[in-house]
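One structure is given below, encoded as C-alpha cells.
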Amino acid sequence: MQSKVHVRTAINGEPAEFLCEPRQSLLECLRDLCNLTGTKEGCNDGNCGACTVEMDGRIVTSCLVLGVEAEGAQIGTVEGLARGTELHPLQKAFLENAALQCGICTPGFLVAAKALLEQEPEPSEARIRLWLANNLCRCTGYDKIIRAVQQAAREMKEARP
Amino acid sequence: MTKTEYQVVGTRPVRHDGADKVTGRALYGADFQMAGLLHGAILRSPHAHARIVRIDTAKALAYPGVKAVVTAADFPPAPDKLVDFGEGATPLAYVRGNVLASGKVLYRGHAVAGVAATSAHIAEEAAQLIEVEYEPLPCVLTAPEAMQPDAPILHDGLRTAELGEKAQGRSNISEHFRHILGDSKKGFAETDVVIEREFSTATVHQGYIEPHNATALWNNDGRVHIWCSTQGSFVVRDATACVLDIAQSRIRVTPMEIGGGFGGKIPVYLEPVAALLSRKTGRPVKILMTRKDVFEGTGPTPGSYIRVKIGATSDGKLVAAEAYLAYEAGAYPGAMVGPGGMCVFAAYDIPNVTIDGFDVVVNKPSTAAYRAPGATNAAFATETVIDELAEQLGIDPVEIRLRNAAKEGTRRADGPKFKRIGCVEVLEAVRGSEHYQSPLEGPNRGRGVAVGFWFNVGLPSSCTINVNADGTVNLVEGSTDIGGTRTSVAMQAAEVLGIPVEDVHPSVVDTDSVGFTAVTGGSRVTFSTGMAACEAAGDVIRQMKERAAKLWETVPDKVEAGRGSFRCNGHSATFKELAAKVGETGGPVVGRATVNPRGVGGSFSAAIADVEVDPETGKTTVLRFTSIQDAGKAIHPSYVEGQMQGGSVQGIGWGLNEEYYMSRDGMMMNSSLLDYRMPTSLDLPMIETIIVEVPNPGHPFGVRGVGEANIVPPPAALANAIYRAAGVRMRRLPMSPPAVMEAIWSK
C-alpha cells in the first residue's frame, strides 16, 4: 500500500489537514476524510457537476482534482454557504422556489450559482443557463433552479448598500 | 369542502426537509458511515452473452486488504418459486440471476462477483483479479431480431405465455397478450382514412444523478440491517429476504435520502451482495456503483418496435385501431409492455380495437420501470398517427383529439371503464392556452401537440401521528421521499387536523418502525400515503374529541371539531390547548391508519412544443414548451409544477437525444454522462405549466397523482413539431441531429 500524504489546506475559511493516498480525489478526501458529505458524487468523471466546489476562487469538479492538489488552497463547499443559522440568499431562494426535488444535485448547483453571482451580480437568464450547463439535474427540468438564481440575484442586489 | 375553504391544501410551504438539503446535511445512501466499514466492488461481465465456464477467486482473495469474495455459488440453495414485489410475479431464479449471474451472463455489465476490502480502491483492483473463463455466445439486441425463430436463445427454460397458454419450444418471447374491443377488421371497413405506421424507440435510462448504493450489516444476532437509497424500503426487505432465503423479519431496511429514481430504484442490485459479503466478514459492507455500472448494470427502460394503425371517418371520428407492441425486456422477462397496452389508445373513445403485446428478452440490462413505464413508447406511435390523420382530414390536431377524447364511461380495450377523468378538460386547456393561441412565425419552425395517459396506482400505505403536548404532531410514514412528499403528505394531515403545516413534523422511518408501505412509484405517494395521513389525522381527531368530552363531562359525539378547534355546550378549545391536556385526560394520543385505496384516479397530460430545426445540422431547438396535466387536486402546486417540468424534460431528452448506443456485440458505447446526453439547462427554455383540476372522487381532496403522465406526450409532441418545421415525419427515437438529417436527405 502506498504511504499517505499530509495535506494542509483551508476548507470554508477554516484551516484543515488530512492524510490521503496520492490517488484519492479531492471529492473522496472531502467526503471520506473530512466528513463533508454535502459534496456529492454523481459520475466521478467531471460530467454531472454534483461534486462542484470552489477552489481558490474558481469552481472545479472535485472528482477531477486530486486531494494533494488542495495543499495550500482555499476550498469552499456547500457546508460553508450558510452563516451560522442564517441561510445564504441562494439557499433561501432554492427553498422558496421549490428548486429541488431529490436534492442530490443541489449542493453543486448552489456552489456554482454562488460563484456566478459573485462575479456577475445581474446575470441574464441565458447567462445563468450557460453557467449552470455543467450541472445536471434530472428532477426539475431546471426551470425553478433558474428562477431561484434570478430571485437570489435580485435579493442580493437589494441587500447591497 | 369547497376549494376556498382549504387552509393548507393548495398552498406552497417550504418543504420540511429543505434546510437539510440546501446545507448538505441530508444523508443519502453513499453518505452513510459506520465503524469497521468495509468497501465493496462488483465484477461485471465484459460479454453480452456468454457461458461462465469457471470462476477462480484465489488471486483476488490473496490481495492485501481483501476480506471476502462472493459469487452466485454463495446464495443458499432454495427451490425456485414465483415472487412478487408489486410489479408482477417473477421466478426467484431470475431475481437472483440478475443480482449475481449463474451459469450464463446475459448482458455486458451483468454482475458476476462481489469483493469486500478495506478500501474501495482495493476492492476495485481485487475485482479485476478474479479470473472468469467465458465461452462467448452470439447475442441478440432488439425485439424484432430476438423474435426470429433462429435467434440466439437467452433462457433455455423460457416458454412463451401465448395468449394465456404455455407454448412449446424455446423462445425469447416471454409473453404475448391480446386485448380486443369490438371488431377492428369490421371497423376499418367503415372508415374513410386509414393510416398505419411503424416505429422504433431506443433504450433510454432514468438518469438519476445519484448512483445506486447499499450498506449491509449481518449482525451477530442473525439480523441483517441495510441502509440504502431506494424507492421502496419494504421491497428491498422482501426482495433481499427472498434472494437470501431468510425470513423478512430478519431484515431491517433504513431508507436513506434518495437522489432520484424515476422507477429505476425499485429493484435490488447491491443489497443482497453487500449482505452476503457482510455475513462472510462479520463487518458492515458498503457498495457504491460507478456511473458506468449504473448504465450497464441497472434497468433502463425498454427499447421497442411498434406498429399502429388507426382509421377514421371523413368527419374525424375514430372508428378502429390496432397496435402491435414488441418491447425489449432486457435479460429477464418484464418489459412493461402490459402498461403500454393499457395506455396506447387510452386517450380515445374508439369502438373497435385490437392490441397485441410482446414481452421479449434481449442481451441488454434487465429493464426497470421509468416514469409511466411503457406508455411513452406507445404514445409516440399513437400520437404521431393521430397527427397525420388530422392533417389528412384537414382538422385541427387538438380538435380531432377532443372529438374522440375518452371520458367517464369510455371502455378501454384492456377492460376497465373509465371513471371520472380529465382528458377533455386537459385538451380544452391546451386549446384555450395562450401558447396554443399565439402564432409561431419564422422559417424552420413548427408546433406540435400530443396527449398521454397514465393510470396511476393505489397500493398499501401506513401512517401514524403522535400528538405532542405543545400542539404539534409527529407524522411517521414509510414512503421514501423522492421529491417533496414529506410535505405533500404532511399538508393533508395538517388540513384534517386544522393546524399549520409547520406544526406537522414528518419522518420517513425504517421497516421495523412503520407498517408496510409499498413503493414510491406509480404516482401513488401523495394519493395513497396522503390518504393514510388523512385517516390517521381523523383518528387523532376522534381521540381528541374523547379527551374534550372527558374535560367537559359530555359524550364524544356531542363535541364538534373543525379548523383546529373543538366545541361543545359553550366550551371550546384549540387543538393546541387540548394537546396540552392529553396527559391529564388519559395519556398520549396516537392516530393510526393503514390504507389500500381502490379509488385510484388516472391522470392525463398534454404537451405543446414549439421547435426550430436547423436544416444544415438536423439539430432541434425547443423554443417554447408547455405541459398540461390533470392533477385532480394540486396539494402543493409548486411540486406539482416541478413534476410536470421534470417529466417534460425527461421526455424531451428521450425524444431528441438519449439512447443506448450499442455495438453489434452488445457493448454500450456511450456509458458516461458526457456521451449519454441528457438535457442541460442550456438546451431548454422555461417549461410552462397548466395544472388542470378534475377531482378524483376516490380521494378526500381529489388527488390523482402527478408523477408520471407528464413524460408521455413530449416525444410525440416534438415529432409533430419537427414535421411542421422540417417536413419530415420522424418515426424513430431519438430524433437526434443525424436521424433528422437522414430524414431530410431522404425526403
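Computed from heavy atoms alone, side chains included, the values below leave out hydrogens, waters and symmetry copies.
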Applying side-chain hydrogen bond (donor to acceptor under 3.5 Å, both in side chains) to A/Gln150 and not counting sequence neighbours gives none
Which residue out of A/Thr39, A/Asn35, A/Leu136, A/Asp32 racks up the most heavy-atom pairs below 4.5 Å with chain B?
A/Leu136
Less than 4.5 Å apart, side chain to side chain, heavy atoms only: is that true for B/Ile711 and B/Ser648?
no
Residue part contacting chain A, namely of B/Arg25, when any heavy atom lies under 4.5 Å
neither
For A/Asp45, is it the side chain, the backbone, both or neither that has a heavy atom under 4.5 Å from a heavy atom of chain B?
side chain
Side chain / backbone / both / neither for B/Ala30 at chain A, heavy atoms under 4.5 Å:
both
Counting heavy-atom pairs under 4.5 Å to chain A, which of B/Gln33, B/Gln650, B/His121, B/Glu688 comes out on top?
B/His121
Picking from B/Ile652, B/Asp481, B/Thr290, B/Leu684, which has the most non-hydrogen pairs under 4.5 angstrom with chain A?
B/Leu684
Under a 4.5 Å cutoff for heavy-atom pairs, which residue among B/Met644, B/Glu658, B/Glu257 has the most contacts with chain A?
B/Glu658
B/Gln206 versus chain A, the contacting section by heavy-atom distance below 4.5 Å
backbone
So, B/Arg291 and B/Glu296, do they make that salt bridge, N to O below 4.0 Å?
no
Side chain B/Arg486, main chain B/His16, donor-acceptor under 3.5 Å
no
Side chain / backbone / both / neither for A/Thr140 at chain B, heavy atoms under 4.5 Å:
backbone
B/Trp654 versus B/Thr301: any side-chain heavy-atom pair under 4.5 Å?
yes
Contact leader toward chain B among A/Glu96, A/Gln24, A/Lys40, A/His88, where contacts are heavy-atom pairs under 4.5 Å
A/Lys40
Measure the shortest side-chain to side-chain distance between A/Leu33 and A/Leu19 over non-hydrogen atoms and say whether it is less than 4.5 angstrom.
no
Between A/Pro107, A/Gly103, A/Cys48, which residue shows the highest count of heavy-atom pairs closer than 4.5 Å to chain B?
A/Gly103
Report which part of B/Ala19 has an atom under 4.5 Å of a heavy atom belonging to chain A: side chain, backbone, both, or neither.
backbone
Could you tell me which portion of B/Thr23 (side chain, backbone, both or neither) has an atom closer than 4.5 angstrom to a non-hydrogen atom of chain A?
both
Tell me whether the rings of B/Trp227 and B/Phe32 are parallel (<30°), tilted (30 to 60°) or perpendicular (>60°).
parallel
Is it the case that B/Lys265 places NZ or CZ above or below the six-membered ring of B/Tyr208, under 6.0 angstrom from the centre and within 45 degrees of the axis?
yes
May I ask you to name which of B/Thr680, B/Val649, B/Val14 has the most heavy-atom pairs under 4.5 Å with chain A?
B/Thr680
Go through B/Gly260, B/Gly207, B/Gly18, B/Gly261 and name the one with the most non-hydrogen pairs under 4.5 angstrom from chain A.
B/Gly207
Okay, A/Leu95 and chain B: the region with an atom under 4.5 Å from a heavy atom over there is both
Proximity breakdown for B/Pro685 and chain A, heavy-atom pairs closer than 4.5 Å:
backbone
Run through A/Gln119, A/Glu120, A/Lys114, A/Glu118 and flag the one making a side-chain contact (heavy atoms from CB on, under 4.5 Å) with A/Leu116.
A/Glu120
Select one option (side chain, backbone, both, neither) describing which atoms of B/Ile258 are under 4.5 Å from chain A's heavy atoms.
backbone
In terms of heavy-atom pairs under 4.5 Å, which option from A/Cys102, A/Gly46, A/Gly38 contacts chain B the most?
A/Cys102
Proximal component of A/Leu132, with respect to chain B [non-hydrogen, under 4.5 Å]
both
B/Thr487 side chain to B/His636 side chain, donor-acceptor N/O pair below 3.5 angstrom
no
Pairing donors with acceptors under 3.5 angstrom, does anything connect the side chains of B/Tyr28 and B/Glu210?
no
So does A/Glu122 pair up with A/Arg160, basic N to acidic O under 4.0 Å?
no
